[in-house]
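Heads up, the thing below is written out as structure tokens.
Lettering follows sequence order; numbering is per chain, from 1. FYI, side chains are in, hydrogens and waters are out, and symmetry mates aren't considered; it's all heavy atoms of this structure.
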Number of protein chains: 2
Amino acid sequence: MNVSTFSALAEPNRLDIVELLRDGPLPVGEIADRLQLGQPQTSKHLRVLNEAGLVEVQPVANKRIYKLRAQPFQELDDWLETFRRMWEEKFDNLEAYLRQLQEQDHRGGDKE
Amino acid sequence: MNVSTFSALAEPNRLDIVELLRDGPLPVGEIADRLQLGQPQTSKHLRVLNEAGLVEVQPVANKRIYKLRAQPFQELDDWLETFRRMWEEKFDNLEAYLRQLQEQDHRGGDKE
DNA sequence: GATAAATATTACTTGACAGGAATATTCCTT
DNA sequence: AAGGAATATTCCTGTCAAGTAATATTTATC
């Protein structure tokens, strides 16, 4: 899993931007207005989101319209999949680990 | 969605720790060994993960065994759910947005 | 081509965080 | 109770990212 996806979403304003774009593409000015952000800050956050591959730009006339990209979200979904058994199978390795410790102890203290 | 989940995962070593714990609970020393980390750093990262609710501790004798908590991952999964239609429905609001712009233009320049 | 709107970039300051070393704490063992 | 293993905390330092203000760039309009 790519760390940049998480670090991009780890900033509150950027998370807001992503959730805003969930409802559809928007130009920079609109995003800044709706989230009460300054224009430069908005552009910078969008830059980070863009470099992380979370959004893409499409120039239309004067404006630059940003929209979400599906890929990183799908990747995140796939990554989560690998954790799913953790709660679905109520799979608690704690006992297993303890048993393993026991075995090593019974083997005696001669390490290696 | 909670930002702290993302910021906790935004650090490479912490992401490694989480992925390591995916296979089962481990004590601090084991984590440090397997990831080639110093013990204090490991403890500090585990602290962050713990405060973000991603892991929980269970003291066993001398050791403190860390394991993943399901909840934040489930929340992340639910959050992703709200994006799923974005790629499943191939739902591209760009046209809609442009049409909307057109309408406003045709309405004349009298704002408000 | 000049002007203005929309957006991007830069420079500066400040605060948060990671690594490293040293130290403190907790708990087991004898 | 003493010693030692396992873990947590503190202090220090350097780096990076965010906010702000100012400026540059692009593109449409006239």
Handout entry: Under the side chain to side chain donor-acceptor pair (under 3.5 Å) test, residues paired with A:Gln74 that sit two or more places apart
Key = none

Completion exercise
At a 4.0 Å cut-off to heavy atoms of chain A, the contacted part of DNA chain C spans C:dA5 to C:dA11

Handout entry: Pairs flagged by ring pair (Phe, Tyr, Trp, His ring centres under 6.0 Å) wherever residues 41-76 of chain B is involved - sequence neighbours left out
Key = A:Phe83-B:Phe73

Exercise for the section: Please list, chain by chain and in numerical order, all residues satisfying side chain to side chain donor-acceptor pair (under 3.5 Å) with A:Asp33, sequence neighbours excluded. Expected result: none

Handout entry: Lys/Arg N to Asp/Glu carboxylate O, A:Arg34 vs A:Asp16, below 4.0 Å
Key = no

Practice task
State whether A:His45 places a side-chain N or O below 4.0 Å from either non-bridging phosphate oxygen (OP1 or OP2) of D:dG19.
Solution key: yes

Practice task
Sort and list the pairs that fulfil ring pair (Phe, Tyr, Trp, His ring centres under 6.0 Å) and have at least one residue in residues 6-34 of chain A, not counting sequence neighbours.
Solution key: A:Phe6-A:Trp79

Exercise for the section: Let me know, please, whether B:Tyr66 or A:Ser7 comes out on the 5' side of the other along DNA chain D by nearest nucleotide. Expected result: B:Tyr66

Exercise for the section: Sequence neighbours left out, what passes side chain to side chain donor-acceptor pair (under 3.5 Å) with B:Glu56? Give chain and number order. Expected result: none

Exercise for the section: Mind checking side chain to side chain donor-acceptor pair (under 3.5 Å) for B:Thr42 and listing every partner two or more places apart, or none if nothing turns up? Expected result: none

Fill in the blank from the handout: In 5'-to-3' order, the base (B), backbone-only (S) or no-contact (-) status of each nucleotide in nucleotides 21-30 of chain D, using a 4.0 angstrom heavy-atom cut-off, is -B----BS--

Exercise for the section: Mind checking side-chain contact (heavy atoms from CB on, under 4.5 Å) for A:Arg47 and listing every partner two or more places apart, or none if nothing turns up? Expected result: A:Glu51

